[in-house]
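See structure below.
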2 protein chains.
Amino acid sequence: MPIKPHVTAAQVCGFLESRIKSGEWGAEAKLPSERAISDQLQTSRVTVREALKRLEANGQIYRSNRRGWFVAPPRIDYDPSRSAHFTQYALEQGYSPYTECLMQRLIQADDDLAGKMAVAEGTQLLELHRCRGINGRLVYLEEIFLRADLWPDLIEQPPDQSLSTMLRNHYGQLFKQVDVDISIASLSAAQAEILQAPAGCSCFYISRRTLNQEGLVIEYDREYWRHDALNIKVTHQFAE
Amino acid sequence: MPIKPHVTAAQVCGFLESRIKSGEWGAEAKLPSERAISDQLQTSRVTVREALKRLEANGQIYRSNRRGWFVAPPRIDYDPSRSAHFTQYALEQGYSPYTECLMQRLIQADDDLAGKMAVAEGTQLLELHRCRGINGRLVYLEEIFLRADLWPDLIEQPPDQSLSTMLRNHYGQLFKQVDVDISIASLSAAQAEILQAPAGCSCFYISRRTLNQEGLVIEYDREYWRHDALNIKVTHQFAE
DNA sequence: GAAGAAATCTGGTGTATACCAGTTTAGCCT
DNA sequence: AGGCTAAACTGGTATACACCAGATTTCTTC
């Protein structure tokens, strides 16, 4: 008959959750360290970590590599079918958006990319890597692929402005259709490092193919979102 | 200077992944037990579990409570904006769909539901809980809410047939618009038990509001999907 | 005060062990 | 062959401990 029954991970979850819900720990607040929590609740650090991972799984908290655990801010609403700019979405919802171009280069389409963009293998493509954040926190990485023949001067452009606006205004392209794929993936080691997330962290994977009126794929992009940062909203109107 | 460097979780991931990708362990195959893997690779069970959880996070494997770990079958493609029946989707993709009605009752709309369905608080609603699977594996739970005044006889109907077909044919309703919300949540203890998933397991949360031509909310449902079972595909056509 | 080095703190990852609660299997009995 | 029981097996969860690497803070030095 154990004198002191074990403190369970579920109990630790409850303890932490009540403090988050009560507002004692507001958005972006730093939680006590794992060791401090395990001392306070008379349990082991392993149990505390188990509890923290469960709260992380449903997006209530997140961690920043070796800096600590933080209360997750509200999710951003996002409609991937609208090809709309992240910047506008973020501003409309009262956030401070941030974009950084990580890489920009010309590549040749491999088998997979050629299929996705409906071009011949070896076709020259412009590849852009960007990361984007709100309120100082990086929330997703994106890899953009554009047909080099359609955007001959694009590599000269400043990469931080809204790409969709630029494509629309400067190149006069009109979007006709967007195909969106959403699933769950995990971050590669390199991606995890950029987002300051742990190795193998699960994320939202969103890929989009944008077609113009002639049916050409004018943009193909892959986004890797922190799973706790995003709420996807899609509205579909049925044809009459 | 350590004589035997530690076996890392990443190495265990590599070991398991190579066997899955090579086809040595096909879809639905049972992996060796955690203890057998840790013995074979000369590492601890904790490290093996860490590796298994990473593969679980990106949907390569899944676990069934206290039965073992299994190779995840291909994801099912699903377009939540089409209000289409799961059964049809599954059949088209060559799966054997399965549906079971777990619960069916009349309730009164609380504050939250009243808002979602655009009715007054206290309005009588029909609530249905179902679970659905493909090829013998449960993949999601759904909670459906219908206005009792619009479907007076529905509670008498056999619950296992396609609800959307039934609504369309039997009640002559035409769908006009669907609002879809997608995010990540975690399963409640009760939900986890039904899906044979571990406590606090992360899942896709999809909620849908279907409006008819008069703008009435004729159906509101919440779906909780195994995160590894689903690939969401949405196509959006821009207006001319 | 600014710059740089060192100590401290934090999560990340590994070791070994233990016991519990369902699932599956093996064996026994009828 | 069928049915029951008990043993073995599986993952789930907890203990305690140790060391690493990066982030942060503090202290020292100029």
Side-chain angles (χ1 to χ4, degrees), chain A residues 1-16 29-57 61-70 136-138 186-187 189 192-201, chain B residues 1-16 29-57 61-70 136 186-187 189 192-201:
Chain A
M1 190 193 292
I3 306 172
K4 195 196 68 174
H6 290 164
V7 175
T8 67
Q11 290 173 312
V12 180
C13 277
F15 172 84
L16 298 171
K30 187 176 187 305
L31 270 58
S33 75
E34 296 175 359
R35 287 167 177 89
I37 296 171
S38 61
D39 283 354
Q40 185 181 349
L41 298 186
Q42 289 285 293
T43 182
S44 72
R45 199 179 142 211
V46 178
T47 302
V48 171
R49 274 178 76 78
E50 173 64 27
L52 290 166
K53 284 179 182 176
R54 288 191 195 167
L55 297 185
E56 180 190 39
I61 61 176
Y62 69 97
R63 46 181 149 173
S64 181
N65 243 328
R66 281 170 233 273
R67 295 202 316 120
W69 293 87
F70 301 84
R137 175 181 173 228
L138 291 181
S186 60
L187 296 172
E193 199 184 334
I194 296 171
L195 290 180
Q196 296 190 300
C201 177
Chain B
M1 191 193 292
I3 305 171
K4 195 195 69 175
H6 290 163
V7 175
T8 67
Q11 290 174 313
V12 179
C13 278
F15 172 86
L16 298 171
K30 186 176 186 306
L31 270 59
S33 74
E34 297 175 0
R35 286 168 178 88
I37 296 170
S38 61
D39 282 354
Q40 186 181 349
L41 299 186
Q42 290 284 295
T43 181
S44 72
R45 201 180 139 208
V46 178
T47 302
V48 171
R49 275 180 76 78
E50 172 64 27
L52 290 166
K53 283 179 182 176
R54 289 191 195 168
L55 297 185
E56 180 189 39
I61 61 176
Y62 70 97
R63 46 181 148 174
S64 182
N65 244 330
R66 282 170 233 272
R67 295 201 318 121
W69 293 87
F70 301 85
S186 60
L187 296 172
E193 199 184 332
I194 296 171
L195 291 180
Q196 296 189 300
C201 177

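We name chains A, B, ... by the order of the sequence lines, and we start the count at 1 in each one.
Checking each of B:Leu41, B:Ile37, B:Val48 against B:Leu16 for a side chain to side chain contact (heavy atoms under 4.5 Å, CB included) leaves exactly one that passes, namely B:Ile37.
The nearest heavy atom of DNA chain D to A:Asn65 and to A:Ala10 marks one nucleotide each, and the one closer to the 5' end goes with A:Ala10.
Here the CD-SG distance, from A:Gln196 to A:Cys201, works out to 12.0 Å after rounding to the nearest 0.5 Å. Of the inter-residue distances, the one linking B:Arg67 atom CZ with B:Asn65 atom CG reads 10.0 Å to the nearest 0.5 angstrom. If you take CD on B:Glu56 and CH2 on B:Trp69, they are separated by 4.5 Å, rounding to the nearest 0.5 Å. Going from atom CG of A:Asp39 over to atom CD of A:Glu34 covers 12.0 Å, rounded to the nearest 0.5 Å.
Rounded to whole angstrom, the span from the CD atom of B:Glu34 across to the P atom of D:dG11 amounts to 4 Å. In this structure, B:Ile37 atom CD1 and C:dG14 atom C1' are separated by 17 Å, rounded to whole Å. A:Gln196 has its CD atom 19 Å from the P atom of D:dA21, to the nearest Å. What separates NE2 of B:His6 from C1' of C:dA16 is a distance of 11 Å, to the nearest Å. The separation between B:Phe70 atom CZ and D:dG11 atom C1' is 11 Å, rounded to whole Å. Atom CG in B:Leu55 sits about 14 Å away from atom P in D:dG11, given to the nearest Å. Taking atom CZ of residue A:Arg67 and atom P of nucleotide D:dT25, one finds them 10 Å apart after rounding to whole Å. In this structure, the CG atom of B:Leu41 is 13 Å from the P atom of C:dG14, given to the nearest Å.
Within the nucleic acid shown, A:Ser64 has no heavy atom closer than 4.0 Å to any nucleic acid atom. Among the protein residues, A:Arg45 comes within range of the nucleic acid bases, having at least one heavy atom under 4.0 Å from a base atom.
Counting heavy atoms from C-beta on, the side chains of A:Leu55 and A:Cys13 come closer than 4.5 Å. Residues B:Ile61 and B:Leu52 are in side-chain contact: their nearest non-hydrogen atoms beyond the backbone lie under 4.5 Å apart.
Considering only the side chain of A:Trp69, C:dG12 comes nearest among C:dG12, C:dT15, D:dT15. Out of D:dT10, D:dA14, C:dG11, the shortest distance to the side chain of B:Arg35 is found at D:dT10.
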Q: Show your reasoning for whether side-chain contact (heavy atoms from CB on, under 4.5 Å) applies to A:Phe70 and A:Arg137.
A: CA-CA 11 Å; A:Phe70 301 84; A:Arg137 175 181 173 228; over 6 Å; no

Can you tabulate the close N/O pairs, meaning under 3.5 Å, that link protein atoms to atoms of nucleotides 5-9 of chain C?
none

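Listed by chain and residue number, B:Asn58 satisfy the side-chain contact (heavy atoms from CB on, under 4.5 Å) test with A:Ser186 (two or more places apart in sequence, or in another chain).
For C:dT15, the OP1/OP2 oxygens have a side-chain nitrogen or oxygen of B:Ser44 closer than 4.0 Å.
Residues from residues 46-54 of chain B with heavy atoms under 4.0 angstrom of DNA chain C, sorted by number: B:Val46, B:Thr47, B:Arg54.
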